[in-house]
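Read the structure below first, then the notes.
Proteins come first, then strands; the chains are lettered A, B, ... in the order of their sequence lines, and each starts at number 1.
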Protein chains: 2
Amino acid sequence: MMKPHSNPATRAVEDQVRQFESVRTAHQSEIVEDYVELIADLIHQYGSARPKDIAERLGVAQPTVTKNLARLKREKLILHEPYRSIQLTDEGRQLAASCRKRHRTVVEFLIALGVSSEVAEHDAEGIEHHVSEETLQVFEAYASRRET
Amino acid sequence: MMKPHSNPATRAVEDQVRQFESVRTAHQSEIVEDYVELIADLIHQYGSARPKDIAERLGVAQPTVTKNLARLKREKLILHEPYRSIQLTDEGRQLAASCRKRHRTVVEFLIALGVSSEVAEHDAEGIEHHVSEETLQVFEAYASRRET
DNA sequence: ACAATAAGTTAGCCATGGCTAATTAAGTTA
DNA sequence: TAACTTAATTAGCCATGGCTAACTTATTGT
Ligand SMILES: [Mn+2]
Ligand SMILES: [Mn+2]
Ligand SMILES: [Mn+2]
Ligand SMILES: [Mn+2]
C-alpha cells in the first residue's frame, strides 16, 4: 500500500531491539526476584517462610505459589520438601540480599527525590527490576548526597 | 514446624498486596502500550505501520506480532484488515500520545540525573510502565528545573 | 488418640506471549 | 501476464503465571 520503507535510521533499530529484549528478560526474572526477597523477609520476621504467607503477601492463591516455588527449586534458589518450610540456598540468599538492597536503594532514591513514601514503595516494586547498574549507582549517589 | 506466625504488621501486608497487584496489572498493559507507541512512531516516520516493521523493532517473529495485534484490535486501539496496514483508532492515538510523552519524560529525567543517554533510553523502556502519576510529575519537575 | 481445622499439593482450566513450519496474499519484475 | 519474492497469516507447539475444585497431609485441641 505504501512505499517500501527505506532505512533512514537503521542504526537505532538494533539498539531498540536490545532494549525490548532486555525488558523481556527482566520480566522473566521478576517473579524469581520478588519471591526470594519475600522469602528472606519472612524467614527474618517469623523464622520460617510458608507458602501460605507468600500467597498472602503477594495477593495470589496458594496453588500459584506452589507452582512458582517449583521454578525456584528448579533454579536451585530454594530447598523445599513437600509440606515442609522453605529454605533458601546460598545462591538464593545471595540473590535475596542483592534484591533487597536494590529495592531499598530505589525506594530511598524516590523518597529523596520528593515522592511520598507510600508511592515510593509502590513504584519501587516495579521499577527495581528495570534499573541497570549504572542507573542504580546514580540513584544511590543522589540519595546519599541528599540524606547526609 | 514453627510458631503460628502472629501478625505484628498486618497493616503493611495489605499495602504490599496492592503493590504487587499493581505490578501485575502494569505487566498486562505493557505490550499494549509499547505497541501503540511504536505504531504511532512508524506511521509518523514512514506513513504506515506494518507487522514486519513492528517485528523488526521489537526483535520478535512476525507471527508474534500478528497475535498481539489481535489483542490491540480486540481492545479497539487499532483498525486492521488482513494484509492491510495498521491504523490507530482515536483511543489508540490518545494512548500512544500519552505513552510517548511519559516515555520521553522518563528518559529526560534519567539524563538530567546523570545517567548516560544510551542507558537512559534502555532503562526507560521498562521503568515507564511502573511510574505513577505522582512520581512522573516529580520526574518532570526535576528534569525541567535541571535543563532550564 | 482422634476429630476437626488449617495448610499444602495436584489436576486441570485459561490467557498471554514467545516460537517454527506451512500456507496464502500482495507486490515486483521479467 | 506469469513467475518470483516478500509479507502476512494460520496452525500448532511451549513456558509462564494466574485461577478453582478436589484431595492429602500436618497441626491442634479435646
Ligand atoms: Mn522488591
Ligand atoms: Mn518487585
Ligand atoms: Mn515506551
Ligand atoms: Mn516500554
To the nearest Å, give me how far apart CD1 (I54(A)) and C1' (dG17(D)) are. 15 Å
Atom-to-atom span, CG of L58(A) to C1' of dC19(D) - whole angstrom: 15 Å
Can you sort out the partners of D34(B) under side-chain contact (heavy atoms from CB on, under 4.5 Å), two or more places apart, ordered by chain and number? F20(A), E37(B), E125(B), E128(B), H129(B)
Sequence neighbours excluded, every pair satisfying ring-ring contact (aromatic ring centres under 6.0 Å, His included) that has a member inside residues 61-86 of chain B: none
Please encode protein proximity along nucleotides 1-12 of chain D as a string of B, S and -, counting only heavy-atom distances under 4.0 Å. ------SBBB-B
Keeping to residues at least two apart or across chains, list the salt bridge (Lys or Arg N to Asp or Glu O under 4.0 Å) pairs with something in residues 110-120 of chain B. none
Just the rounded figure in Å: distance from C1' of dG17(C) to CZ of F20(A). 15 Å
Between C1' on dC19(D) and CD on E21(B), what's the gap in Å once rounded to a whole number? 14 Å
For residues 97-112 of chain A, which residue pairs qualify under salt bridge (Lys or Arg N to Asp or Glu O under 4.0 Å), counting only residues two or more places apart or in two chains? E33(A)-R102(A), D41(A)-R100(A), R104(A)-E108(A)
Per nearest nucleotide of DNA chain C, the residue lying toward the 5' end, A61(B) or R74(B), is R74(B)
Give the other cluster members for V23(B), using side-chain heavy-atom distances under 4.5 Å between Ile, Leu, Val, Met, Phe, Trp and Tyr residues; answer none if it is isolated. none
Suppose we screen for ring-ring contact (aromatic ring centres under 6.0 Å, His included). Which residues come up paired with F109(A), at least two apart in sequence or across chains? F139(A), Y142(A)
Between the side chains of Y35(B) and N68(B), is a donor N or O closer than 3.5 angstrom to an acceptor N or O? yes
If hydrophobic residues (ILVMFWY) are linked whenever their side-chain heavy atoms come closer than 4.5 Å, directly or via other members, who joins V107(B) in its cluster? I111(B)
Any residue in residues 30-38 of chain A with a heavy atom nearer than 4.0 angstrom to DNA chain D? Just list them by number, or reply none. I31(A)
Would you indicate, yes or no, if dG17(C) has its OP1 or OP2 atom less than 4.0 angstrom from a side-chain nitrogen or oxygen of R24(A)? no
Is T64(A) near enough to dG17(D) that one of its side-chain N or O atoms lies under 4.0 angstrom from OP1 or OP2? no
